[in-house]
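Each remark here refers to the structure printed beneath this line.
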There are 2 protein chains.
Amino acid sequence: MGTHSKVVSIDGIKVACSNCSLASLCLPFGLESEDVDRLERIVKRNRPVQRGQILFSPGDHFRSLYVIKTGAVKTFTQTPSGDEHVVGFHLPGEMLGLDAIQDDRHGCFAKALETTAICEVPFDNLEQLSASIPSLQHQLLRLMSKEVSAEANMISLLNNSTAEERLASFLISLSERFRRRGFSATDFFLAMSRQDIGSYLGLALETVSRLFTRFQDQGILQVERKHVRILDMDRLRGLLRHQTPCHTQADKRS
Amino acid sequence: MGTHSKVVSIDGIKVACSNCSLASLCLPFGLESEDVDRLERIVKRNRPVQRGQILFSPGDHFRSLYVIKTGAVKTFTQTPSGDEHVVGFHLPGEMLGLDAIQDDRHGCFAKALETTAICEVPFDNLEQLSASIPSLQHQLLRLMSKEVSAEANMISLLNNSTAEERLASFLISLSERFRRRGFSATDFFLAMSRQDIGSYLGLALETVSRLFTRFQDQGILQVERKHVRILDMDRLRGLLRHQTPCHTQADKRS
DNA sequence: GCCATATTTTGATCTCGATCAATGCCTAGT
DNA sequence: ACTAGGCATTGATCGAGATCAAAATATGGC
């Protein structure tokens with residue numbers, strides 16, 4: 001109440017695609033504004049999920065893709081013995097559930113790392129709409145292709161890098177992603193624990209902690225708990241310069 | 001000459017999609033036969049590529065997806081210093097180039113490991129056709145989703161597994177893929193070198209060699225150069241039983 | 001504001017697999 | 001058939017990072 005639009009709520013959390021600052025990273029990219037309106041109509045905007053809340057679990061029936069609007073989510077699997085393996089971290093504008101199209105079931109957990117607003121895109125509707133809007137079909141394929149590229153980069157990182165290079169690469173990737181979303185590239189808060197970072201990078205949490213300390217001692221970072229400030233980006237990049245695959249952009253993610 | 005069909009050559013290498021034994025793993029899956037014919041018309045079937053030949057290189061303009069019909073291909077990147085990092089191995093029915101849709105450029109090399117027949121699918125045509133054949137659009141999205149899942153599994157493997165588990169997992173994956181393609185699941189030839197396997201699994205070639213020897217000593221495998229025979233599949237599976245993510249199929253690849 | 005619990009930091013030790021090194025074994029070219 | 005060069009096996013050593021252990025610091029519930 002008190003607002004004229006049905007998709008913009010008073011607290012500003014529900015924003016229409018046509019007004020969304022993330023549109024250029026997301027499905028609306030490249031669409032005519034009338035087509036954005038058609039897309040708009042199939043998107044569901046539920047209430048924000050709270051920190052710790054599970055969005056979906058392995059085995060859940062796949063109905064929708066999800067796009068983070070604000071906040072952060074981690075995806076992870078769990079071994080029978082109960083320990084988590086972090087698959088990825090997802091920031092505003094990034095899409096979740098692309099791996100589930102395959103067999104109609106989700107393959108991992110998705111859990112909010114902080115209060116998170118999410119756009120839900122029912123997949124059946126999206127497929128129908130894509131068939132009649134070529135640029136939407138193309139953008140959906142591009143986003144999936146980006147996911148494939150990003151994962152290939154991750155595989156390469158895990159195969160060929162030291163602990164130092166992995167953490168440097170992770171921080172640079174985060175920095176880039178924040179920058180493109182209009183946040184500071186050099187001063188940000190980590191939504192995830194050292195444990196999570198370690199699990200994601202294939203390192204023990206102790207190793208992650210030690211590396212943060214080392215980077216700080218070297219004057220590359222200033223770290224205070226979850227708050228990271230990159231003091232010397234050149235030196236941070238230098239930590240992985242040598243062995244990056246040629247012809248590959250630093251960050252294939254949007 | 002000497003044949004009535006324009007797509008079936010005398011030596012049997014050029015097979016129409018409608019007759020192809022790999023159709024159920026590939027784009028035609030789920031299509032009406034009239035739609036398979038339409039797909040058929042956009043597919044190019046070039047002469048087979050010889051062992052060692054490069055299909056595409058990083059930076060090459062992306063025009064087509066490629067599907068292996070017979071043979072095997074490896075994809076890899078190269079560091080400035082010149083050493084290879086294997087990204088993947090591709091068997092009949094598997095698709096190459098999905099990572100290139102994103103930015104219109106290929107991101108890795110593709111090289112034939114043996115004489116290989118390939119179907120070329122011009123991407124612009126495929127997109128157009130997908131828009132008018134819903135089941136084709138769906139299958140293309142499924143294949144991309146499969147790629148995302150397979151890569152996520154690979155990441156999980158590299159993050160959480162010992163050398164032994166990695167090689168066991170690799171062999172089981174190969175075995176499954178051969179089985180689905182109508183080949184023996186227990187008796188096959190490796191098209192790639194120990195070096196390539198090591199690079200793909202993030203291991204030194206010496207480690208791969210030692211593991212083959214160990215598996216043979218334990219009576220799990222019989223290995224003679226490139227020829228592998230799996231003698232005890234249960235024990236091979238047992239090597240990775242414990243720590244596989246729950247709710248995840250062994251092999252997300254087709 | 002205080003306590004219980006979770007998270008992070010720091011230290012000491014150990015292990016798996018990399019690396020270095022040498023030998024043996026196929027395969028292709030003349 | 002013979003030889004050269006690539007590929008594979010086997011052995012010896014070493015080190016990055018895991019693991020074990022304990023203290024320090026933050027966070028959330030009451």
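Quick note on labels: first sequence line is chain A, next is B, and so on, each numbered from 1. Just so it is clear, the structure is predicted and the values come from calculations on it, not from any experiment.
Ser145(A) places a side-chain N or O within donor-acceptor distance of the main-chain N or O of Gln102(B), the cut-off being under 3.5 Å. A donor-acceptor pair under 3.5 Å is absent between the side-chain atoms of Lys69(A) and the main chain of Gly93(A), judged by distance alone.
Separating the NE2 atom in His227(B) from the CZ atom in Phe188(B) is a distance of 9.0 Å, to the nearest 0.5 Å. From Thr116(A), atom OG1 reaches atom NE2 of His90(A) across 11.5 Å, with rounding to the nearest 0.5 Å.
Residues His106(A) and Asp99(A) have side chains that never bring a donor and an acceptor to within less than 3.5 angstrom of each other. Glu120(B) and Asn46(B) are linked by a side-chain donor-acceptor pair at a separation below 3.5 angstrom, with hydrogens and angles left out of the test.
Summary of helix geometry: the two end axes of the helix from dG1(C)-dC30(D) to dT30(C)-dA1(D), each defined by five base pairs via their C1' atoms, are inclined to each other by 60° (rounded to 10°).
Between Lys226(B) and dA8(D) there is a side-chain polar atom (N or O) within less than 4.0 angstrom of OP1 or OP2.
As rounded to whole Å, 18 Å separates atom P of dG6(D) from atom CZ of Arg194(B). Separating the CG atom of Leu201(A) from the C1' atom of dA18(D) is a distance of 15 Å, rounded to the nearest angstrom. In this structure, the CG atom of Leu113(B) is 15 Å from the C1' atom of dC7(D), given to the nearest Å. For His227(B) and dC26(C), the NE2 to P distance is 15 Å, given to the nearest whole Å. Between Glu224(A) atom CD and dA26(D) atom P the separation is 8 Å, expressed in whole Å. Counting to the nearest Å, the P atom of dG15(D) and the CD atom of Glu164(A) are 17 Å from each other. For the pair Arg51(B) CZ and dG6(D) C1', the computed distance is 10 Å after rounding to whole Å. One can place CD of Glu84(B) at 10 Å from P of dC7(D), the figure rounded to the nearest angstrom.
At a threshold of 4.0 angstrom between heavy atoms, the contacts of Gly198(A) with the nucleic acid are absent.
Shown are Lys74(A), Lys146(A), Arg180(A), Arg181(A); of these, the salt bridge (charged side-chain N to carboxylate O under 4.0 Å, His left out) with Glu94(A) is made only by Arg181(A).
Note: Tyr66(A) and Phe56(A) meet the aromatic proximity criterion, with ring centroids under 6.0 Å apart.
The number of heavy-atom neighbours closer than 6.0 Å to NZ of Lys44(A), taken from other residues, nucleotides and ligands shown, is 12 or below.
Annotation: proximity of residues 203-221 of chain A to DNA chain D (heavy atom, distance under 4.0 Å) is found for Leu203(A), Ala204(A), Glu206(A), Thr207(A), Arg210(A), numbered in ascending order.
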